[in-house]
Amino acid sequence: MNSLPLTKSRVALQNCDPKPCVDRSLTTNVTDYSSSSLEDLIAAISEKRDKRAFVELFKQTSPRLKAFAMQCGANVSDAEEIVQECMLNVWRKAHTFKPKSGTAITWLYTIIRNRRIDFARKNRHETVSSDDMWLEESGDELESQVHHDLSGEKARSLLDALPNEQKQVVYKVYFEGKPHSEISKDLELPLGTIKSRLRLAMNKLEILAKEQMSWLIIILLMNF
Amino acid sequence: MANYHPTDELLMAFSAGQLPNALGLMLACHIEHCPDCQRKMHQFNELGGNILDSLEPLALDEGAIGKLLERLDEPEPVVEKVEMLPGIPRPLQRFMPAHYDNLAWQGMSSSLKEFTLDIDDDRYTTKLFRIAAGKQLPEHTHKGNEFTLVMKGSFSDKTCNYHAGDFVLADTSTRHQPQAANDSDCICLAVMDAPLKLTGTFGRMLNPFMR
Ligand SMILES: [Zn+2]
């Protein structure tokens, strides 16, 4: 019997009455996570400590987390290690994710950012850590006035709202943290152009933020 | 509530995790008590999330998930508890050896005292300045950038009044003579990349000792 493939033994178990001694993981309803949203996966990790939800989250997000670390200048093996630290934090801190104050991808961003920073600092033996700057990985200490129940679409549109030339400067700020003067050298563009592209991007973001806020007000009004 | 805030460029770089340690801690102190900047930070983090989302996926090492699953049941590292000093912003707690009144202030003059904080940073020095109530500093300019965050009390400078929480940027073009309000000493956190350069006569005399 022991040599039967797993699929067969599972069938066998389902066909007989569950006994108290039967391994519960094989008999209880197994949730299929393959089409779950990131938000639901994090909730399952937090509430049920479900390792399968964790594996699914890993599948869906770690390749982008690795790409992020590498864009920030990490080599392949460092990037792998940063992703390990990041996912370990996701497992431990899943309960700090508050769907009402932001999207899952934003939460993951704050974690990979902090792990990337701390990885670099550890190698330089510095005492300052990301915990000093950001409380509980949430990136912001607010009991947020900005609600994101609106829709995922809305949140995704931030980057899409920027023309490519502005996007390019924003990417440079996030990945390389160079002063504007160096960005201008890299892109072979005048400093003024860099500054104005960044300013235009900021203005666009501010407009979008206000739109989100006014939608929130409309929704609040409708609820009364 | 603060009236003077870090620029959007600084806030974006902070959200991106790209500021030098000293400046990052200073921004964190301001943001802790500033709902406006918290809202902006939220926005910039969201943009960071969008950027993460937009990246071309890179496959991980085959063994990565197995290695990770083995580590999930490891005990979590114990976080050392720091005794919180009341009235000090959270980001500075680990770097303040004592409350303002019990720090070993170094006298530069009777009206201005300083205390250097031990914060690793390649570029910037971090200091607390204490301007005695009602006293005015000699006029000075700056060789580089100086970022100031009012921690306690208030000071005025020509036309502006700065209160606790306000974030002030002085650069090489700023020539100023800050004066503390009469009712209490003013304590400021300062992050600077070059020594002060004094301009007045009194300033020239003091300059060699004032760094
Ligand atoms: Zn502010």
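On a predicted model such as this, the values are computed, not experimentally measured, just so you know. All values below come from the heavy atoms of this structure, side chains included, with hydrogens, waters and symmetry mates left out.
Residues A:D50 and A:Y33 bring a donor and an acceptor atom of their side chains to less than 3.5 Å of each other. When only modelled atom types and interatomic distance are considered, B:S54 and A:Y171 share a side-chain donor-acceptor pair under 3.5 Å. Defined by atom type and a distance below 3.5 Å, a donor-acceptor pair is present between the side-chain atoms of B:N45 and B:S15. Checked by atom type, the side-chain pair A:T106/A:T103 shows a donor-acceptor distance below 3.5 Å. For A:E80 and A:Q84, the side-chain atoms include no donor-acceptor pair closer than 3.5 Å. In this model, a donor atom of one side chain and an acceptor atom of the other lie less than 3.5 Å apart for A:D118 and A:S130. Side chains of B:N21 and A:E126: a donor-acceptor N/O pair is present below 3.5 angstrom, by distance only.
If you measure heavy-atom distances from B:E76 to chain A, the contacts under 4.5 Å come from both the backbone and the side chain. With a 4.5 Å cut-off on non-hydrogen atoms, A:L198 touches chain B through its side chain but not through its backbone. Proximity to chain A is limited to the backbone of B:A59, based on heavy atoms less than 4.5 angstrom apart. If you measure heavy-atom distances from B:F44 to chain A, the contacts under 4.5 Å come from both the backbone and the side chain. Both the backbone and the side chain of A:F175 come within contact range of chain B, each with at least one heavy atom under 4.5 Å from a heavy atom of that chain. Of the two parts of B:K67, the backbone and the side chain both hold a non-hydrogen atom closer than 4.5 Å to a non-hydrogen atom of chain A. A:F58 touches chain B through its side chain: at least one heavy atom from C-beta onward sits under 4.5 Å away, while N, CA, C and O do not. Only the backbone of A:E176 comes within less than 4.5 Å of a heavy atom in chain B; its side chain stays farther off. Both the backbone and the side chain of A:L205 come within less than 4.5 Å of a heavy atom of chain B. Interface residue A:V83: only side-chain heavy atoms are found under 4.5 Å from chain B. At a 4.5 Å heavy-atom cutoff, A:R124 makes no contact with chain B through either its backbone or its side chain. In this structure, chain B has no heavy atom under 4.5 Å from any part of A:R49. Neither the backbone nor the side chain of B:Q93 has a heavy atom closer than 4.5 Å to any heavy atom of chain A.
Summarising the local packing, CD of B:E56 is surrounded by 12 or fewer heavy atoms from other residues, nucleotides or ligands at distances under 6.0 Å.
Most heavy-atom pairs under 4.5 Å with chain A: of the set B:G17, B:G24, B:C37, this distinction falls to B:G17. Between chain A and the options B:D120, B:L55, B:L60, the largest number of non-hydrogen pairs under 4.5 Å is found for B:L60. The choice from A:E206, A:K167, A:M87 that makes the most heavy-atom pairs within less than 4.5 Å of chain B is A:E206. Looking only at heavy-atom pairs under 4.5 Å with chain A, the residue among B:D118, B:D73, B:L27 that has the most is B:D73.
You'll find the side chain of B:L47 reaches within 4.5 Å of the side chain of B:M12, heavy atoms only.
B:R71 has a carboxylate O that lies under 4.0 Å from a charged side-chain N of A:E85, or vice versa, which qualifies the two as a salt bridge.
Taking the six-membered ring for Trp, B:Y4 and B:F167 have ring centres at least 6.0 Å apart.
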